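Here is how names work: the chains are called A, B, and so on, in the same order as the sequence lines, proteins then strands, and each is numbered from 1. Here the structure is a predicted model, which means the values were calculated and not measured.
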2 protein chains.
Amino acid sequence: MQKYSKQTRLLLAVDCIVFGFDGEALKILLIKRGFQPEKGNWSLMGGFVQPDESLDQASNRILKELTGLEGVYLEQLHTFGDPQRDPIERTVSVAYFALIDINKYKKQISDDYHAEWFTMKRTPKVIFDQQEMVELAKKRIRYKAAMHPILFELLPSKFTIPQLQNLYENVFNTAIDKRNFSKRVLATGLLIKLNEKDKAGSKRGAYYYQLNMHNYYSKFQAFMNFIPNPDSISAS
Amino acid sequence: MQKYSKQTRLLLAVDCIVFGFDGEALKILLIKRGFQPEKGNWSLMGGFVQPDESLDQASNRILKELTGLEGVYLEQLHTFGDPQRDPIERTVSVAYFALIDINKYKKQISDDYHAEWFTMKRTPKVIFDQQEMVELAKKRIRYKAAMHPILFELLPSKFTIPQLQNLYENVFNTAIDKRNFSKRVLATGLLIKLNEKDKAGSKRGAYYYQLNMHNYYSKFQAFMNFIPNPDSISAS
DNA sequence: CCAAAAGTGTTAGCGCTACACCCATGA
DNA sequence: TCATGGGTGTAGCGCTAACACTTTTGG
């Protein structure tokens with residue numbers, strides 16, 4: 001026996017939703033699609049799965065080809081298989097999401113790859129069912145960030161507590177009391193205070209912190225319960 | 001433009017992990033595979049996605065064809081795409097998990113379809129990478145059940161609090177104090193007490209409850225935080 | 001010296017956990 | 001009547017949320 005005869009073979013694609021944070025707002029990365037149909041329209045980073053690569057390999061390859069990004073946090077989200085989702089030919093797409101620090105790659109992405117960052121509120125129309133993918137990805141990162149420290153992936157390796165709080169407030173779209181916030185994050189034991197200040201945000205300056213990588217891995221499973229308003233967060 | 005030329009098409013399959021609870025233990029359903037390779041060996045409910053159906057439709061169809069189950073809780077889990085996972089030909093598989101009340105379908109499943117239930121501890125070897133799928137599914141239901149009331153899908157429409165507690169103790173593999181347990185579940189407002197007792201489990205009998213469906217849907221997003229030992233539960 | 005952001009402590013209330021005894025009934 | 005499982009109440013503790021003032025320093 002060599003093959004499963006009589007079965008139909010389908011195109012399989014990967015689409016990546018790339019989230020970034022620049023200290024101000026949570027953003028997603030889009031590019032202008034390079035081929036028909038919908039050529040020139042805004043799209044997620046997507047491409048076809050090749051015969052010899054796994055899905056994780058495909059998503060990493062596509063992300064690198066379209067943005068130069070490599071070694072970033074990338075996680076499978078959901079697979080979309082509506083028969084009509086691509087008008088040209090049936091294509092099933094495995095969606096992934098990535099989390100990166102915008103500033104680390106800002107110049108490279110815009111100069112070399114012509115991708116652009118958009119805030120959540122001002123995202124242009126994207127092709128096919130990609131809006132649905134983006135919505136699901138937003139729900140998933142909120143859901144996961146409520147219990148796991150994944151949002152650190154969006155920050156530079158040195159960051160301040162006000163920056164971190166700003167990120168959480170963005171992702172959960174809520175205001176958090178800064179006294180309670182700093183107590184909680186410091187209580188996790190995940191942060192190491194540095195003898196250095198970020199003077200960009202204020203005159204007084206805010207201390208930099210970095211992740212305690214040992215504690216990070218051991219506490220990844222159970223971080224803090226950070227759901228400010230659980231009803232606003234959806235199931236995976 | 002009619003097709004994406006030059007791209008390779010792949011086989012796409014669906015595999016369903018069916019969980020059931022019989023009042024005693026959490027079990028999964030397996031069948032003897034009906035075709036080569038691995039014909040006759042224990043397998044999840046699987047089949048190929050057809051050209052005109054979505055992934056959700058495919059999983060529902062396959063579950064019905066192989067077990068007669070219809071209208072049950074079914075949720076997409078993860079997509080497995082290692083190029084070598086099927087030795088005959090590359091096949092990417094979208095895994096789903098289902099939750100059912102074993103007793104409701106027990107006779108039908110064993111008599112008509114020759115599927116069998118196995119406890120978690122005594123699961124036989126399954127084909128390909130299906131063991132990995134089962135492990136991931138177990139993690140996922142624990143993870144989700146810690147915050148959402150999905151485990152009611154495993155119970156009959158009338159159930160007792162000791163039965164419910166037994167289910168939670170099974171899924172989380174832990175002992176729970178019965179006073180605290182009943183306080184918590186009753187406090188959710190999801191249960192309606194019936195004027196009827198289950199006398200099977202004890203002489204005195206335990207009151208039956210049923211779900212308050214209105215509250216069930218409105219409280220689905222935020223149930224109770226039921227993680228008894230967070231470190232034992234893995235991320236999705 | 002003033003504006004703007006960083007940093008820090010206390011209290012009250014709620015929720016969770018721990019814990020033990022009585023009830024109902026079939027055998 | 002006794003063994004078995006069902007059902008219930010309370011007290012202490014820990015965690016969380018609410019809340020305001022001082023510090024620093026560039027302009």
Side-chain angles (χ1 to χ4, degrees), chain A residues 23-24 146-147 155 158-170 172 174-210 219 222-233, chain B residues 23-25 146-147 155-156 158-170 172 174-210 219 222-233:
Chain A
E24 298 285 316
M147 274 194 296
L155 292 170
K158 292 190 307 188
F159 53 87
T160 68
I161 291 188
Q163 281 167 8
L164 183 63
Q165 177 170 351
N166 189 242
L167 172 57
Y168 272 89
E169 290 180 334
N170 253 273
F172 291 105
T174 188
I176 306 174
D177 181 274
K178 64 178 178 174
R179 288 160 290 189
N180 294 334
F181 183 84
S182 71
K183 256 180 292 178
R184 290 183 72 167
V185 294
L186 292 173
T188 64
L190 256 63
L191 301 190
I192 300 169
K193 188 174 187 172
L194 304 181
N195 270 328
E196 194 184 348
K197 280 187 168 185
D198 167 37
K199 310 277 283 186
S202 70
K203 292 157 185 170
R204 181 179 178 181
Y207 280 105
Y208 278 120
Y209 287 79
Q210 66 182 31
K219 295 198 179 176
F223 186 47
M224 43 186 174
N225 264 32
F226 230 129
I227 317 185
N229 171 14
D231 293 324
S232 69
I233 301 173
Chain B
E24 299 283 317
M147 273 194 296
L155 291 171
K158 292 191 307 188
F159 52 86
T160 68
I161 290 187
Q163 281 169 9
L164 183 64
Q165 178 171 349
N166 189 243
L167 172 58
Y168 272 89
E169 290 181 337
N170 252 276
F172 291 106
T174 188
I176 306 175
D177 180 273
K178 64 178 176 174
R179 290 160 289 189
N180 294 333
F181 184 84
S182 70
K183 255 180 297 178
R184 289 182 73 166
V185 292
L186 293 173
T188 63
L190 258 61
L191 301 190
I192 300 169
K193 189 174 189 171
L194 303 181
N195 271 329
E196 195 185 348
K197 281 187 166 185
D198 168 36
K199 311 276 285 187
S202 71
K203 294 158 184 172
R204 180 181 178 181
Y207 280 105
Y208 278 121
Y209 288 80
Q210 65 181 30
K219 295 197 178 173
F223 187 45
M224 43 188 175
N225 263 31
F226 229 128
I227 316 184
N229 172 12
D231 293 324
S232 68
I233 301 175

| Residues that B/F159 engages under ring pair (Phe, Tyr, Trp, His ring centres under 6.0 Å), provided they are two or more places apart | B/F152

| request: Can you sort out the partners of A/K193 under side chain to side chain contact (heavy atoms under 4.5 Å, CB included), two or more places apart, ordered by chain and number? | output: A/Y207, A/Y209

| query | Residues two or more places apart in sequence or in another chain: which of them pass salt bridge (Lys or Arg N to Asp or Glu O under 4.0 Å) with B/K158? | reply | B/E196

| Under 3.5 Å: donor-acceptor pair, side chain of A/K219, backbone of A/T188 | yes

| query | Nucleotide range of DNA chain C contacted by chain B, 5' to 3', under 4.0 Å to a heavy atom? | reply | C/dT17 to C/dG26

| request: Would you mind reading off the distance between B/L164 atom CG and D/dG5 atom C1', rounded to a whole angstrom? | output: 17 Å

| field | Spacing of B/K193 atom NZ relative to D/dG6 atom P, expressed in whole Å | value | 13 Å

| Sugar-phosphate or base contact per nucleotide [nucleotides 18-27 of chain D; S, B, -; heavy atom under 4.0 Å] | BBB--BBBB-

| request: Could you state the atom-to-atom distance from OH of B/Y207 to P of D/dG7 in whole Å? | output: 8 Å

| said: For the helix from C/dC1-D/dG27 to C/dA27-D/dT1, what angle separates the axis at the start from the axis at the finish, each from five pairs, in steps of 10°? | reply: 0°

| Is the side chain of B/N170 donor-acceptor paired with the backbone N or O of B/N166 at a distance under 3.5 Å, no angle test? | yes

| query | Excluding sequence neighbours, so at least two apart, what forms salt bridge (Lys or Arg N to Asp or Glu O under 4.0 Å) with B/E24? | reply | none

| said: Suppose we screen for side chain to side chain contact (heavy atoms under 4.5 Å, CB included). Which residues come up paired with B/K203, at least two apart in sequence or across chains? | reply: none

| query | Can you check the B/L186 CG to D/dT8 C1' distance for me, whole Å? | reply | 11 Å

| Who pairs with A/S202 by side chain to side chain contact (heavy atoms under 4.5 Å, CB included), at least two apart in sequence or on another chain? | A/R204

| request: Please list, chain by chain and in numerical order, all residues satisfying side-chain hydrogen bond (donor to acceptor under 3.5 Å, both in side chains) with A/K183, sequence neighbours excluded. | output: A/N180

| task | Quick one: list whatever passes side chain to side chain contact (heavy atoms under 4.5 Å, CB included) with A/Q165, sequence neighbours left out. | result | A/E169, A/I176, A/K178, A/F181

